[in-house]
Amino acid sequence: MSHFSKIKTKLKDKEPLIQALDQLGYIIDYENKFVKGFRGQFTAVDISLNLSGNTKVGFKWDENSNSYELVTDLDLWNFDLPVERFISKVTQLYAYNTIISKTQEDGYQLVEQKNQNDGSIELVLTKWDS
Amino acid sequence: MPQRTLRFKIHQDGKVEESVDGFIGDECNDATKNIEDALGEVKVKKSTSEAFISKQNKNLTTIKNESNVTF
């Protein structure tokens, strides 16, 4: 049987998220896990980043959505990427890391990887039955 | 046994399209459950033509068995 699925990626696991942030070259701040967020209030976060332009960003676990959500003060956003592009890039790499690690656990091998012109990443993985 | 193939297209915004080939019966759902759970929320899931054919064949077999009982 075969199927086709469309999946909306949520940042559910810390490990592939940290991996994605590292791959994008962002520096994780393990000392100060606070970000000035909504209405200037300081919010405790699980992962804290110092982006260039003195922009502070954090990811905080959210029980309702069962995923990590971005915390930042948009008024102070001074990073060279708009916030939507930032979160898209992180989410795309998070999805990539999750797919690679989960399929490896299940014995699949990556046989093809293509970066398409539309910015998408295509992967083909195979496994032969033993 | 057939080669099992997983194909993914990870869009720029992180949405993922997945297609799965070479599985028997419901195995294909088991094969990708871990990945789908880890990624997030499945919005659309369709069985593809191959799945439809194997289902039809099953129906044909059932009919044959029934007629054997009748005779």
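In what follows, every chain begins at residue 1, and chains take the letters A, B, ... in the order their sequences are listed. All values derive from a computational prediction rather than experimental measurement.
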Distance from A:Glu84 atom CD to B:Asp13 atom CG, nearest 0.5 Å? 12.0 Å

Would A:Phe59 end up clustered with A:Leu24 when hydrophobic side chains under 4.5 Å apart are linked, directly or stepwise? yes

Residues 101-112 of chain A vs chain B, non-hydrogen distance cutoff under 4.5 Å, contacting residues -> A:Lys102, A:Thr103, A:Asp106, A:Tyr108

Looking at A:Ile28, I want to see if its CD1 is surrounded by more than 12 non-hydrogen atoms of other residues, nucleotides or ligands under 6.0 Å. yes

ILVMFWY cluster, A:Trp61 and A:Ile47 together (side-chain gap under 4.5 Å): yes

Minimum-distance pair of heavy atoms, taken over all atoms of B:Ile10 and A:Tyr96: CD1-CA, 3.6 Å

Take atom NZ in B:Lys45; do more than 12 heavy atoms of anything else shown fall under 6.0 Å from it? yes

State plainly whether one hydrophobic cluster holds both A:Leu74 and A:Val90, where clusters connect Ile, Leu, Val, Met, Phe, Trp and Tyr through side-chain heavy atoms under 4.5 angstrom apart. yes

Side chain / backbone / both / neither for A:Asp118 at chain B, heavy atoms under 4.5 Å: both

Give the minimum heavy-atom separation between A:Ala95 and B:Gly14, together with the two atoms involved. CB-O, 4.2 Å

Once rounded to the nearest 0.5 Å, what's the spacing between atom OG1 of A:Thr91 and atom NE2 of B:His11? 14.0 Å

Heavy-atom distance under 4.5 Å between the side chains of B:Thr32 and A:His3, does that happen here? yes

Please tell me whether A:Tyr68 and A:Val83 are part of a single hydrophobic cluster in this structure, the criterion being side-chain heavy atoms less than 4.5 Å apart. yes

Are side-chain heavy atoms of A:Ile99 and B:Leu39 found at a separation under 4.5 Å? yes

Does anything in residues 4-18 of chain A get under 4.5 Å of chain B by heavy atoms, and if so which residues? A:Phe4, A:Ser5, A:Lys6, A:Ile7, A:Lys8, A:Thr9, A:Lys10, A:Lys12, A:Asp13

Are A:Leu21 and A:Leu81 connected, step by step, through hydrophobic side chains (Ile, Leu, Val, Met, Phe, Trp, Tyr) whose heavy atoms are closer than 4.5 Å? yes

Among A:Lys89, A:Arg85, A:Gln116, residue most engaged with chain B (heavy-atom pairs, under 4.5 Å): A:Arg85

